[in-house]
Amino acid sequence: MTNPHIGNTDDQESRQCFLAGLVVRSLSISTSNWRCAETLGDYLAERNIMGIYDIDTRVITRRLRQDGSLIGVLSTERTKTDEELLEMSRSWDIVGVDLISGVSCKAPHDWVDKTNTEWEFNSSKRGGEAFRVIAYDFGIKHNILKRLASYGCKITVVPSTWPASETLKMKPDGVLFSNGPGDPSAVPYAVETVKEIIGKVPAFGICMGHQLLGLALGGKTFKMKFGHHGGNHPVRNLCSGHVEISAQNHNYAVDSSSLPEGVEVTHVNLNDGSCAGLAYPAQNIMSIQYHPEASPGPHDSDYAFREFIQLMKKVKVNSRVMAALSFI
Ligand SMILES: NC(=O)CC[C@H](N)C(=O)O
């Protein structure tokens, strides 16, 4: 973490902490958040997750910015020499590795929790209809589900390997493809699932889900030098012209130039011009590369959830009209 002071606030965004290790500058010895249940050190130790502090994370950040993402090794084993640790780091890679299967849920389950009412910041423009959404868990952040629930959705979360045929049998009004770790090109099974669903049901992709949609539509993804991480990246919404301050956490991106005819780039990251969102109106597809659910981060992009509701509503109304016309 580049923020020097870590440990004074915390919120869980998944059923468990999947981190292998955490490197921080200064570990807060006190917690100053009324909801904080324990110190970061205790939290990590209870889960046998390695942590190291008093590290000059700014030097590491400058190195990563200069040389790109690097593989690192943390070890408490004093028997290992530096050379052996370096060998370990050289023997591992993130490219081509399926990291989704290790974090996805094991079985379908419903989700009902909404955003805590006292923190609700966008309760305007809520339609009355409840739309049925199937959310693919590629490592889904809980606040994505809370925002959908706050917008009135009835949600079933399914594992990353859940068959598209089973999803279509559930007759959802929409499908959400979630965020998730690792290389999108390392999970062809997930791309195939997306391919079988799009065009039949409105789809919304977030981060990994956005990349899987890009691949399913025939585009390509690539590994960025050091990705986008943090809560202060400016993104231009090309439809509205607005610039949003966004929450970002990704190392891959969709190559805009690889997208086929009809697929629109809807958002651009203003730091490097990369694709930050796409749409394929012909198949009722929308997706964004960053995190509209924030948690943590700014709420500028919360409207994306409302746009997904409007997309499902439009499709549902159209299908009712078509059904009525078929009787005439
Ligand atoms: N937050 C995410 O879903 C990340 C997507 C993908 N694993 C990447 O690193 O680009």
Side-chain angles (χ1 to χ4, degrees), residues 1 11-15 17-20 64 68-72 92-105 135-148 157 159-160 175-191 193-194 203-217 219-233 235 244 246-256 258-259 265 267-269 271-278 286-298 301 304-305 308:
M1 309 294 276
D11 271 314
Q12 292 236 134
E13 280 297 319
S14 54
R15 67 180 184 282
C17 181
F18 292 101
L19 268 185
L64 297 178
S69 302
L70 297 171
I71 303 289
W92 195 74
D93 202 343
I94 193 172
V95 177
V97 179
D98 172 1
L99 296 182
I100 284 175
S101 45
V103 299
S104 182
C105 62
Y136 270 83
D137 174 5
F138 297 130
I140 197 164
K141 281 177 63 188
H142 284 174
N143 212 42
I144 290 175
L145 297 167
K146 288 179 183 173
R147 295 311 293 153
L148 286 172
V157 183
S160 55
V175 176
L176 177 113
F177 298 111
S178 88
N179 63 294
D183 179 354
S185 62
V187 286
Y189 62 87
V191 177
T193 300
V194 172
F204 178 22
I206 293 176
C207 219
M208 172 61 92
H210 160 81
Q211 295 164 358
L212 296 175
L213 281 163
L215 290 169
L217 288 167
K220 291 185 174 58
T221 56
F222 64 94
K223 190 168 186 304
M224 305 165 86
K225 184 174 180 184
F226 44 73
H228 295 146
H229 304 276
N232 59 357
H233 294 234
V235 167
E244 303 160 21
S246 63
Q248 304 258 352
N249 183 25
H250 66 107
N251 294 300
Y252 292 82
V254 171
D255 174 0
S256 305
S258 69
L259 292 169
V265 173
H267 297 72
V268 171
N269 187 301
N271 283 342
D272 60 5
S274 59
C275 174
L278 65 82
M286 58 178 280
S287 72
I288 52 178
Q289 176 63 77
Y290 53 99
H291 289 269
E293 79 285 0
S295 205
S301 310
F305 294 103
F308 181 40

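Note that the structure is predicted; figures quoted are calculated from it, not measured. Counting starts at 1 for both ligands and their atoms, in listed order.
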List the residues meeting side chain to side chain contact (heavy atoms under 4.5 Å, CB included) with S160, not counting sequence neighbours, and say none if there are none.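 Partners of S160 under the side chain to side chain contact (heavy atoms under 4.5 Å, CB included) test: I100, S104, F138, Y189.
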
Tell me if the NZ atom of K223 is crowded by more than 12 foreign heavy atoms within 6.0 Å.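 Yes - once you tally the heavy atoms of other residues, nucleotides and ligands closer than 6.0 Å, there are more than 12.
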
Residue M1 excluded, over 12 heavy atoms near CE under 6.0 Å: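 It does not: M1 CE has 12 such atoms or fewer within range.
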
Start with the C-alpha gap between Q248 and S246, add the side-chain angles, then the distance that decides, and say whether side chain to side chain donor-acceptor pair (under 3.5 Å) holds. CA-CA 6 Å; Q248 304 258 352; S246 63; 2.8 Å; yes

Write down, by chain and number, every protein residue that brings a non-hydrogen atom to less than 4.0 Å from an atom of ligand 1.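 Lining ligand 1 at under 4.0 Å, by heavy atoms, one finds N179, G180, P181, G182, C207, M208, Q211, N249, H250, N251, Y252, H291.
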
Can you find a side-chain donor-acceptor pair between H228 and N271 that sits under 3.5 Å?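 Side chains of H228 and N271: no pair found under 3.5 Å.
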
Can you confirm whether the side chains of Q211 and T221 place a donor and an acceptor under 3.5 Å from each other?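 Judged by distance alone, the side chains do not pair up.
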
